[in-house]
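Right, one structure below, let's go through it.
Just so you know, ligand 1 is whichever comes first in the structure, and atom 1 is the first atom listed for that ligand.
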Amino acid sequence: MKKILKKSNKFIPYSTQDISKNDIKEVIKVLNSAYLTQGPEVLNFENSIKKYNKCKFATAMNSATSALHAACAALGVGKGDIVWTSSITFVASANCAVYLGAKVDFIDIDPSTNNLSLSHLEKKLIKAKKNSKLPKVIIPVHLSGLPCDMEKIYKLSKKYNFKIIEDASHALGAKYKLGLVGNCKYSDITVFSFHPVKIITSAEGGMAVTNSEKLDMKLKLFRGHGITRDPSHMKNKKNIYEWNYDQISIGYNYRMSDMHAALGLSQLKKINKFKKNREQIANLYDTQLKNLPVELPSKEIFKKSSLHLYIIKLKLDYIRFSKNDIMQSLRDDGILVNFHYMPVYHHEFYKHLGFKKNYCKEAEKYNKSAISMPIYPSLTRKDQNRVINSLKKALS
Ligand SMILES: *Cc1c(COP(=O)(O)O)cnc(C)c1O
């Protein structure tokens, strides 16, 4: 009896990893092998991601944050440069530019997708051109796994001469037009995260993919202290033995270990099953929540979300409660709903850089209405029904 009670009251997180026996076996194999840190499994993982996304080069790192830092550095971001990203994203999409001494600015969102707004972006570019303050790099974020309209952003990049890093931390497996996010057809570099809540996990980990050999070399140097072992990249080519190496630029230790790579690789093999699970969960929400005073996620025709998050937005004009009341009510039922994300410029650190509270109008509205509902491959129908009933109760 006690056990049943405990089970029915268990907490339901907004997301969690799905680790199989085989995942564990693959990690243990590495522990019994000759390499623990970056070795053959990292190469295998990189090659598998390249094949999956249909891009030419991939660099695995210890997090997406590291990969974003490396991507900005590879594109030459430094002091005096300007980098723009979406106002609604995880802080890492902005911090990567701050690490390099650049100035960050934020683009308001389009309430129909919650991604950066193209009309806002274009207006901002026209104004920036007049003031000679055009960004060097723009970092579109595929929030919740729904791709931004990359073809349009790419066209603007040619007109206004900026580079593009896609923050695809949510979007492994997401479709855009005929390809997958990460084919880098409309960007210079795309970054994925393998944090446990994301589409697949390597515990900690990230990857930067590109179709440019030159950028790939820079990403790999940045990952490994700026050190090369390739004699053709060394200045002094005399007396080079295989144990020689030379540091030719500044870099960090952003390597992924072979244990992490083995886990990521094993997880990648299950991505289609994970995607199907997420689709089933989203479909049930779509049908069960459609008569509630909430806005459901967008289903734009050229874009197929990886469904990392299922974000609902409360129609506050039809509800007697605030978002915090609703979230607290669900949490009291053991449903650990969450919020992704408050506008980056609301954070204390960015306020100190001079951003004011109401900087982006749509981001402010989003802040007051958006809630992330639980969605992860192992969420059972029974638990999801608990979530749905708890939300209905909170809204009544
Ligand atoms: C998770 C996430 C990151 C950072 O990923 P890590 O692998 O944890 O460093 C960056 N950007 C976005 C949008 C994210 O969701």
Heavy-atom count around Y99 OH within 6.0 Å, excluding the residue itself: above 12? yes
Would K361 and E364 pass as an ion pair if we require N to O under 4.0 Å? no
Compute the centroid of each ring, for Y176 and then for Y186, and state whether the two points are separated by less than 6.0 Å. yes
Give a yes or no on whether K177 atom NZ has more than 12 heavy-atom contacts from other residues, nucleotides or ligands under 6.0 Å away. yes
So which bit of H340 gets within less than 4.0 Å of ligand 1, heavy atoms only: side chain, backbone, both or neither? neither
Where's the contact between A64 and ligand 1, heavy-atom distance under 4.0 Å: side chain, backbone, both or neither? both
Just to verify, which of Q17, Q267, K269 counts as forming a side chain to side chain contact (heavy atoms under 4.5 Å, CB included) with D23? Q267
For T89, the atoms of ligand 1 under 4.0 Å from one of its heavy atoms are 13 (C)
Identify the protein heavy atom lying closest to atom 9 (O) of ligand 1, giving its residue, its atom name and the separation to 0.1 Å. T65 OG1, 2.5 Å
Flag if over 12 foreign heavy atoms under 6.0 Å of NZ, K127: no
Which protein heavy atom lies closest to atom 3 (C) of ligand 1, and at what distance to 0.1 Å? S169 OG, 3.5 Å
Counting from 1 in the order shown, the ligand 1 atoms closer than 4.0 Å to a non-hydrogen atom of S193 are 1 (C), 5 (O), 6 (P), 7 (O)
Any idea which atoms of ligand 1 are less than 4.0 Å away from a heavy-atom of A92? 10 (C)
If you draw a 6.0 Å radius around NZ in K25, do more than 12 non-hydrogen atoms from other residues or ligands fall strictly inside? no
Taking heavy atoms and a distance under 4.0 Å, where does Y341 meet ligand 1: side chain, backbone, both or neither? side chain
Flag if over 12 foreign heavy atoms under 6.0 Å of NZ, K273: yes
Using a 4.0 Å cutoff against the non-hydrogen atoms of D167, which atoms of ligand 1 qualify? 10 (C), 11 (N), 12 (C), 13 (C)
Residue, atom name and distance, where the atom is the protein heavy atom closest to atom 1 (C) of ligand 1: K198 NZ, 1.5 Å
Would you call G205 a ligand 1 contact, heavy-atom distance under 4.0 Å? yes
Where ligand 1 meets H170 - atom numbers and elements under 4.0 angstrom, heavy-atom basis: 13 (C), 14 (C), 15 (O)
